[in-house]
Each structure stands twice: as C-alpha cells, then as structure tokens.
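Data first, discussion second: the structure below is written as structure tokens.
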Number of protein chains: 2
Amino acid sequence: MNLKELSELLNLSQTTVSRALNGFPEVSERTRERVQKAAKQNNYAPNKAARGLATGQALSIGHVISTTNQNEMVNPVFGDFVAGVGEVYSKHGYKMLLSIVPPGEDEYQVYRELKAQSTVDAVVVQSPSVDDGRIEFLNKLGIPFIVHGRASECKVPYAWLDVNNRSAFVRATDFLHDLGHRRIALLNGREHMDFAHRRQQGYESSLSSHGIKIDPSIMFSSDMTESYGYQRTAELLKSDNPPTAILTASIIVALGARRAVQQAGLTVGQDISIVTHDDRLSYFHNTADVPMFTATKSSVREAGQRLAELLIQMIANPNMKPPTELLEVELTIGNSTGPAPAN
Amino acid sequence: MNLKELSELLNLSQTTVSRALNGFPEVSERTRERVQKAAKQNNYAPNKAARGLATGQALSIGHVISTTNQNEMVNPVFGDFVAGVGEVYSKHGYKMLLSIVPPGEDEYQVYRELKAQSTVDAVVVQSPSVDDGRIEFLNKLGIPFIVHGRASECKVPYAWLDVNNRSAFVRATDFLHDLGHRRIALLNGREHMDFAHRRQQGYESSLSSHGIKIDPSIMFSSDMTESYGYQRTAELLKSDNPPTAILTASIIVALGARRAVQQAGLTVGQDISIVTHDDRLSYFHNTADVPMFTATKSSVREAGQRLAELLIQMIANPNMKPPTELLEVELTIGNSTGPAPAN
DNA sequence: AATATTTTCCAAAGCGCTTTGGAAAACTCA
DNA sequence: TGAGTTTTCCAAAGCGCTTTGGAAAATATT
C-alpha cells in the first residue's frame, strides 16, 4: 500500500493524505481522523527512500566501528551503549545505521561515502583516542557529529558527552589514601585512549597532592581483559614491594585482579583493596546490598541516552554551538576495600 | 555532487554515467574509465535514497533488539556477533540497521513498519526462545529473515544458523564422566532460550546414557551473570551432597563459579572441575598455552560472518529454500578440569 | 446580495537515481 | 556502395513521497 493507493481508497488527493498524516494544520480534524484510521488499518507507512529523497533527511544516524583497531570490539561496553542510544533514536523516529569497517579498509572512506550518499543525518564517534583524527576530519567533511568521550589534544570546538574520568580517579585514589593506602597500583586501559589518559591524570594528581611519588613500575596499560587483571596483579603480589591497593579500569579487569589475590591466599578488602570503575553493564550486577566492588559508577547506557538526545537536538538545530556535557560519577563503597594493613 | 552535475562535467548523459559506474556492458572501456576517475576525484557516490527508490532495494539489513525482554541486551555476545555480521555486510555493500525497541513498545510493530516503509531488504532474528513467535510472524509478513539459533518448537521451515549446543553439552558431560565425575551440576542460561534448552537436553542425554539419574536440585537456569555463577556455586559447595564438577553456560558464569570455589578454599581442576561454553568473545581470551577453562568453543563472530553470507545469498535469490547450517564446537582442554577426587 | 476571507482540497513539480526504448555513429559484409 | 550489425550514447519515464501555488467550497463581512 502506497500513498497513491491510500488516497484513491479515501477519495482524496495524495497531498491531503500526506498532510493529514504529517500533522499539517490545513486539514480538518474529521478528515485527519479518517485518514489516520485508514492508514493504520491498511498498515500504511511512507516509503523511507521516497520520503528521504523528498525531504532530504535520512532519518538515520551512523555509527562507524573500525575493527582494524581491534580494541573497539574488545569493548564490552558496546552493547549497553548502543541500547541506550537506540532507545532514544526510536522515540524520535531515527534509525541507527551501524557500519563495521572490515580489517584493512579505510574508516575515513566510510565517512566520505556516508556523506556523499546522504545515508545519515549525523554520526556518533565512539572510543576516541587522545589525538583522535576523526574530529578534525568530520568537521571538514561537514557532517554533524558527537563524540562519546573526548580527545584531549583536540582544541577545536566539537560536541561531546563524557564521564569525568579525571575526577573519578582522583576520588578513587583519595578514598584509598584516606584508608591509609600509600602504595596504589593502577591497571588502566590502553593509554592512547582518552578515557585512560584522563584516569591516569586523576590518579597521578591525587597521589601528587598527597606527596606520594608516582611509580611507573606499578602502573599498567592494556586492553581491559580478565587475564590482564590477573597477570599484572599476580606479578605485583610477588614483587618486592607489593601494593596494598589496586585501581582497575573495569569490572572485568577487577575480576581478574581478584582472582590473583585469592589465588595468592590473600583476602580482597583486607590484605588488598580494589577499587574499579564500573560502567554498570547489564550483565555485571555490582549491586548487591553491599556491592562486590567499591567502584566509581557511571551508567554507560544512560550516557548513550543523553548523548542521543543531544545529537538529535543538533540535527534539528544545525546552527547551535556544539553542546558538551560532563557526567560525574558516583563512588559506592563495596566489599573490596578496607584500611591498609598495619604492617 | 550528484549524477546530473557529474554528467554535465563529463559532457555525457546521466544514463551513460550511471551505466559506466554500475558496470553495464554497453559502455566503452575508455568512457568507463574516464567516468570512474571523475567520480572518484569529485567524491561522487549515488544518493542512497534515490537509488533505493529507483531500484526498490534498501541495501540495508535490519536487526531488531527488544529491551523489554531485558535479557537481550544482557547479552555480552552482542558486540562480537554484530562485528562478524557487519564485516560481511560491508563487503557486499549492505548497511546494518539496528532498531532498539524501547521498553513497553511492540517489537512486532517495528517489523511491520520496516516492511511498510521498505527500510530493509531482510532481517536477522537474534536470541530465539524455544517457541519464538517472530518466526511465524515474519513468515506471514513476507520479509526475508534468518535466525541466529533455532526455535525448537517451531516446525515450519525457516533459515537458521546455529551452534550444535546439544552435542556440545553431550561432549562436555561425557568428558567429565570419563574423568570419573558422577555428580555434575549445570549452571545454564534461561531455559526458555533455545540454546539453553538444547544444552540441557545434551546434558541430560549424556547423563542418562551413563545411567546417572538427573537431579534437578543441581540444575539451574538464569541470566548469565558473574554473580549467578558465584551464588549457585557457593550454595552447591555448602550443600550436603556437593557436585565434583560444574558445567556453565558462559565464561562469565564460569568466572563466578571459580570465585566461589576459590573462596571455599578449594582448587579448580582438582577439587572441583569446571567446563564452560566459550563464545570466544574478544575480551575474554581463554587462549593461553593451556587455557584457563576447559571449554566447548565456538566463535560467535565467525557465526555472524557465516550467517550474513547466507542471508545475502537469500536476498539475491529470493526463491531458494531457506538455508540452514549447524556449526560443531571444539572441545579444548584447559586447567579447570581433572579427575574426580578419590573420596 | 455581493464581496472579502478563511477553510479545505488538489494538480503538478521536484527530490536523484535507474532503466526502457530508441537513435546516431561506427563498423561489417556482400 | 548500400544494407545489415554492432557499438555507443541519449531523452524521458518512473520509483513514492513532500510541498508549492492555486482553485473550489465554505464562511464571514459589508
């Protein structure tokens, strides 16, 4: 069923039917109701391509995921982020267009094509690195976009929504310091990723403000896997001067760290404290009465929702200045921390 | 730059330019090269809406994810599956269209709209339940689709690609039996999910064939979270008649189980054996020289790739009978299993 | 009753592409 | 050389929608 058929069925012109459905004022309520009812009954909906062609809008938002950079899909955060974003898209009639860049192909070329083909109205940039080139590129290309995270070294204005990773890790480190910990290890994500870079800044800033010297030998940076948490922690525990506390970048890493601690016959929260960042992923409920881990929490799903809202505002209002938003984390005390051992 | 402008630039008709770019034979090689070069230089690509309108093809494939059914996005497998699928889509010029159904809204209505609007050429059905209604619905709706998994109770023919979950769990259980284990617990996924249902069948079938009575008190079914693995295992270990081996549905659950075992002061692979299914997610490398867990392995990413290829074949060839494909798993021996304790 | 104003509707253009049905040009062959 | 073939190209229709510019009908104003 297309517009022509529907209008013939109703003995109306295509214009009137279109206007009735799109809420234009120059059609009587009686007619509008009649049209809407018929559309529903006949399961009519305007052809997306035709509508897009006529209006110049794609009603789609692009997410380009590169797998050459293997880290992207290592990202367990992806599912929850997409769920948050997509929910809001749906409410506003937008579709999410996911483009996976196969290994060996050029991510920028994908953006160029999206632009040339008018496939999307805007794009979302995920997992920015410290000096992410996509921001400058997309600005030049002239396609509206928003970044989930930031790129520290990028000084031009652009739209972003980020968690305050720096303050989160300041607070986490301060918290451990208050418990008497003086030797605190850091199991960070890859350091070229902006979020990891900022967390490290927070960690170092807190230590410095308490007069503790920064010791690169207990600071690590890697993909955030369980075995990474396990390996580094096991090594640390065996070292000459083991830490009394560990700061990890994700629950997965924290699980690995905990495994190493237990295997060493020590108790988490007594012999060794662990604080982790927690993206509140739906399959890691760190939310018992007393949570498993003391954590800086921030829901990646809610971040996605908010980011989508900002982006849709930008599309509706192309001349607005790029919005930015910084989300603060919540520090929740769980079972994984306690006073530094007397020693 | 659109087709008209490009053709004027080249002093050719739009037809000729279009044909040159789309590989039609009735244009000379010299002209074709000239056109292709100009297109590249001017960064021309055909407008997607216009092309879709003219050809009747959307060049998009839909994935509809319902969040009312919270389990879907709890699914940590999502990211890797999408990566596999998307890679293949890209190679064939397809885009992936992700539609998140917000809580409280009707998933079927989303499919109806996709159909009415001709937004997609086909859809992928993920995470089918035992009696999944989507299969019958989509058959009636008349939109090509393929299921990742199967629906045991659905008897009409439909396209699917699945892992042989039954045989996987037969093998895993047999393996434990061969090691002398007689009391084997099952930490399954939600039982209405088809994959979980089939795994349970495999488990039960193996036990029965060895004359072991099935004991529902050591069989569990839940969302596959770490704390689920931990809780159930902790309880099992405290029970009167604890198992000597545990079969888990995912690495995440296995990690929880391992935590409980260690906390009870026991050793995995000695006091208690664990076998898990492993979807080979990119952020859980269970691939050391000797892997952490003995596991039935099957890459969800590769499954996605293969499934995408099947679906694209179906689109190209609408009358083919629905393809089906069953992937066998690999059983790899890791550190988490050993002979049943003498006792 | 005649005119002005508002409400209600429509015909047709245009969005950018593909594709049909030919025409012109170039080439064969008798 | 003239008729038939092939190669090379084009004008124009059509995909299904939105939207412009008016016309007809209904209502208000003098």
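Letters A, B, ... are given to chains in the order of the sequence lines, protein chains preceding strands, and every chain is numbered from 1.
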Mind checking if B/T55 touches a base, just sugar-phosphate, or nothing, with heavy atoms under 4.0 Å?
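Here B/T55 touches the backbone only, sparing every base.
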
Could you tell me the separation between the [atom1] atom of [X] and the [atom2] atom of [N], rounded to a whole number of Å?
| X | N | atom1 | atom2 | answer |
| --- | --- | --- | --- | --- |
| B/R32 | D/dT7 | CZ | C1' | 13 Å |
| A/K4 | D/dC17 | NZ | P | 11 Å |
| B/N47 | D/dC17 | CG | P | 17 Å |
| A/Q57 | C/dG16 | CD | P | 14 Å |
| B/L3 | C/dC15 | CG | C1' | 13 Å |
| A/L59 | D/dC17 | CG | C1' | 13 Å |
| B/F24 | C/dC17 | CZ | P | 15 Å |
| B/L53 | D/dC17 | CG | C1' | 8 Å |

Can a side-chain donor-acceptor contact be found between [Y] and [X] if the only test is distance below 3.5 angstrom?
| X | Y | result |
| --- | --- | --- |
| A/T119 | A/Q117 | yes |
| B/T16 | B/S13 | yes |
| B/N22 | B/R51 | yes |
| A/K48 | A/S60 | yes |

Does any part of the side chain of B/V123, heavy atoms only, come nearer than 4.5 Å to the side chain of B/I143, both counted from C-beta?
yes

For B/A159 and B/F145, work out which heavy atoms get closest and say how close.
CB-O, 3.6 Å

Using OP1 and OP2 only, check whether a side-chain N or O of B/Y44 sits under 4.0 Å from C/dG16.
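It does not, given that no N or O in the side chain of B/Y44 lies less than 4.0 Å from OP1 or OP2 of C/dG16.
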
Between B/N22 and C/dT18, is there a contact of a side-chain N or O with OP1 or OP2 at under 4.0 Å?
yes

As an exercise, state the distance from CG of A/D121 to CG of A/L114, rounded to the nearest 0.5 Å.
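The distance works out to 11.0 Å.
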
Say whether, by atom type as modelled, one donor and one acceptor occur between the side chain of B/T31 and the main chain of B/V27 under 3.5 angstrom.
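Flag not set: sc B/T31 to bb B/V27 has no pair under 3.5 Å.
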
Which protein N or O atoms sit under 3.5 Å from an N or O of nucleotides 8-10 of chain D?
residue: D/dC9; atom: OP2; partner: B/T31; partner atom: OG1; Å: 3.0
residue: D/dC10; atom: OP2; partner: B/S13; partner atom: N; Å: 2.6
residue: D/dC10; atom: OP2; partner: B/S13; partner atom: OG; Å: 3.0
residue: D/dC10; atom: OP2; partner: B/T16; partner atom: OG1; Å: 3.0
residue: D/dC10; atom: N4; partner: B/R19; partner atom: NH1; Å: 3.2

Produce the list of close N/O pairs, under 3.5 Å, pairing protein atoms with atoms of nucleotides 24-26 of chain C; give distances to one decimal.
none

In terms of the angle between their ring planes, are B/F81 and B/H63 parallel, tilted or perpendicular, with boundaries placed at 30° and 60°?
tilted

